[in-house]
Every structure is written in C-alpha cells, then in structure tokens.
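Down below is the structure, laid out as structure tokens.
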Amino acid sequence: MSSYIKRPNRALQLYAVLFLIVLYVPVLFIPLFSFNDSIYVRFPLQGVTLKWYGELWTREPVWNALWNSVKVGLVVSVISTVLGVMAARAITRTQMRGKGALVTFIMMPLVIPGIIFGVALLVLLSRLGVPLSLYTVGLGHLIICLPFAVATLLPRFEGFDPSMEEASADLGENGWWTFWRVTFPMVMPGIVASLLLTFTISFDEFIMAFFLTGTDPTLPMYIWGQLRFPKEFPSVLAMAALILFVSFALVFVAQWIGRKGLEEQE
C-alpha cells in the first residue's frame with residue numbers, strides 16, 4: 001500500500017478564498033448599511049438603528065409586491081418541478097434519438113442572457129396582443145427555472161436502480177402506481193430541493209420581470225422603482241437584507257436536502 005499522502009493544493013485554496021471574498025464581501029455590505037442611522041450610505045456608520053426595518057411593516061405597497069412575488073414563485077416552482085420530473089424521467093428511463101440534443105436544448109436558458117429571452121417574449125406577447133401581467137412574468141420565470149429543475153432532478157433519477165420499478169411492474173402495478181409508490185418516494189429529496197431552488201430563483205429574478213411586468217410589480221421591481229428616491233434607500237437596503245437572508249436560507253436547505261437524498265441513494 002502506498003504511503004503517499006496527497007497534499008492540499010495551496011494555490012487552489014487561495015484562489016477559492018479570494019473568489020469567495022470578491023463574490024460575497026460586497027453583498028455583505030447591504031445588511032451592514034441597512035442598520036445605518038443616516039439616509040446616506042457612509043462608512044463608518046453614523047449610528048445603529050432598526051427603524052428602517054420597522055418602516056417596512058407599515059408600507060402596503062411592499063406587502064403587495066411581496067405577495068405578488070410569492071404567488072408567482074409558488075406557481076412557477078410547482079410547474080417547473082412537475083415538468084422537470086417528467087423530463088428527467090423521460091431522459092433517464094427511455095431510449096430516444098437525439099437525447100443529448102434535447103438535454104442541451106432544455107439547458108440553453110442557463111447560458112443565454114436573460115435579456116434576450118425578455119426582449120423576445122415581450123415582442124412575441126405584444127404581437128399576440130397579450131397584456132403584461134403576473135401571468136407573463138410567470139411565463140418568463142418558467143423558462144429560467146425549468147433548466148434548474150431538470151438539473152436538480154436528473155441525478156436523482158440516475159441515482160437509484162431502475163430494477164425497482166421493473167419489480168413493481170412485475171408484481172402487477174401499472175406505470176402510474178409504480179411512479180407514486182416506488183419512484184416518487186425515491187426522488188422526493190430532489191423534488192423538494194427543486195421546489196425550494198426554483199422558488200428562490202423566481203422570487204429574486206429581475207430581468208424577465210423588468211420586461212414582462214404589468215401594473216402589479218414583483219418585489220424586485222418595486223425595489224428598483226424605489227431606488228429613484230433617496231429617502232427610500234435605507235428601507236430598500238433593509239428589504240434587500242431580508243431577501244438575502246431568506247434566499248441564502250432556502251438555497252442552503254435545498255442543497256442540503258439534495259445532498260442528503262444522494263447520500264441515501266448511495
């Protein structure tokens with residue numbers, strides 16, 4: 001047995017630390033300045049206060065925009081996850097020509113800038129005479145979230161033995177009951193992870209909402225509109241800090257559930 005011990009790559013570790021610093025340190029200034037006692041962003045802070053968070057509870061437009069984002073996020077997460085389950089099962093359980101091209105086509109929104117999809121959908125909907133509303137925002141978010149759902153669910157369908165489904169069929173169960181009694185419990189962690197991840201992506205998405213929002217703004221659109229008013233900026237920072245916290249929590253839970261599901265399948 002070889003006594004060679006693999007040494008850690010110091011250069012790679014240093015790169016990872018620098019990458020995390022560049023990525024997250026600017027974001028961490030948002031919750032820091034949300035406690036500033038001044039309406040202007042200054043460092044060091046003029047004082048520490050929670051009044052900007054308190055103001056959020058008295059603003060009806062904030063809650064309306066929040067509810068709009070929650071409604072769109074819930075609907076989009078459910079639809080994208082259902083479509084993702086069907087796509088992932090079809091990709092992993094059926095023999096078809098052009099499977100690689102199909103997967104590439106599904107994943108294209110991950111690499112194509114969202115502004116292109118936003119402009120294309122806006123032109124198409126305007127040509128069809130479809131008014132802009134939360135439904136059009138949901139359609140745009142669905143295009144973005146579906147690849148994430150498929151990418152989350154594919155490893156779960158590939159990770160368990162298909163002979164379990166075959167055994168259920170041999171015992172007389174049809175395809176529908178085989179899915180609910182065998183497949184669904186096995187991929188449940190992936191489904192939960194997909195729901196949480198796609199909801200977070202839809203809730204935070206701005207570019208599609210910018211092009212497709214009608215008279216009912218989502219929360220990111222409301223924040224964008226408030227940036228024009230300096231007096232509203234501290235409350236916007238407080239709102240952004242809360243969104244950051246909730247988003248990080250949801251993504252962390254989604255990743256934890258996903259990893260736990262893979263470990264159980266192994």
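Keep in mind that the numbers below use all heavy atoms, side chains included, and drop hydrogens, waters and symmetry copies.
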Hydrophobic cluster membership, with links at side-chain heavy-atom distances under 4.5 Å among I/L/V/M/F/W/Y: are Phe19 and Leu14 in one? no

Audit row: Leu132, Thr213, side chain to side chain contact (heavy atoms under 4.5 Å, CB included) steps and yes/no: CA-CA 6 Å; Leu132 299 181; Thr213 296; over 6 Å; no

Does any non-hydrogen side-chain atom of Phe203 lie less than 4.5 Å from one of Val70? yes

If I take atom OG1 from residue Thr198 and atom CD from residue Glu205, how far apart are they, to the nearest 0.5 angstrom? 13.0 Å

If hydrophobic clusters are built from ILVMFWY residues whose side chains come within less than 4.5 Å, do Leu146 and Tyr135 share one? no

Can you name the closest pair of heavy atoms from Val72 and Gly138 and give their distance? CG1-CA, 3.9 Å

May I ask you to check whether over 12 heavy atoms, not counting those of Ile112, lie within 6.0 Å of atom CD1? yes

Spacing of Ile201 atom CD1 and Met208 atom CE [to the nearest 0.5 Å]: 12.5 Å

Sorted by chain and residue number, the side chain to side chain donor-acceptor pair (under 3.5 Å) partners of Thr200 (sequence neighbours excluded) come out as none

Can you name the nearest heavy-atom pair linking Ala149 to Ser80, along with the distance? CB-O, 3.5 Å

For Gly190 and Thr152 the tightest heavy-atom approach is O-CG2, 3.8 Å

Walk me through it: do Phe199 and Leu74 pass the test side chain to side chain contact (heavy atoms under 4.5 Å, CB included)? CA-CA 6 Å; Phe199 175 82; Leu74 289 175; 4.0 Å; yes

With the side chain counted from C-beta on, respond yes when Thr136 and Leu121 share a heavy-atom pair under 4.5 Å apart, and no when they do not. no

Show your working on side chain to side chain contact (heavy atoms under 4.5 Å, CB included) between Leu219 and Asn68 and close with a plain yes or no. CA-CA 7 Å; Leu219 191 57; Asn68 290 337; over 6 Å; no

With sequence neighbours left out, write down each residue that passes side chain to side chain donor-acceptor pair (under 3.5 Å) with Ser202, or none if nothing qualifies. His141

To the nearest 0.5 Å, what is the distance between CZ (Arg89) and CG (Leu153)? 13.0 Å

Between atom OG1 of Thr215 and atom CG of Leu134, what is the distance when rounded to the nearest 0.5 Å? 8.0 Å

Is there a side-chain contact between Ser69 and Pro220 (heavy atoms, below 4.5 Å)? yes

Please check: side-chain N/O of Glu60 versus main-chain N/O of Trp63, any donor-acceptor pairing under 3.5 Å? no

How long is the span from the OG1 atom in Thr218 to the CG atom in Leu212, to the nearest 0.5 Å? 10.5 Å

For side chain to side chain contact (heavy atoms under 4.5 Å, CB included), just list the numbers for Asn64 and Tyr222, CA-CA rounded to whole Å, side-chain angles, deciding distance to a tenth of an Å, and then say yes or no. CA-CA 10 Å; Asn64 292 336; Tyr222 175 80; over 6 Å; no

Any side-chain heavy atom of Val75 within less than 4.5 Å of one from Lys71? no

Heavy-atom count check: over 12 atoms from other residues, nucleotides or ligands less than 6.0 Å from Phe206 CZ? yes

According to the ring-ring contact (aromatic ring centres under 6.0 Å, His included) rule, which pairs have a member within residues 79-114, sequence neighbours left out? none

CD1 of Ile106 to CD1 of Ile91: how many Å apart, nearest 0.5 Å? 4.5 Å

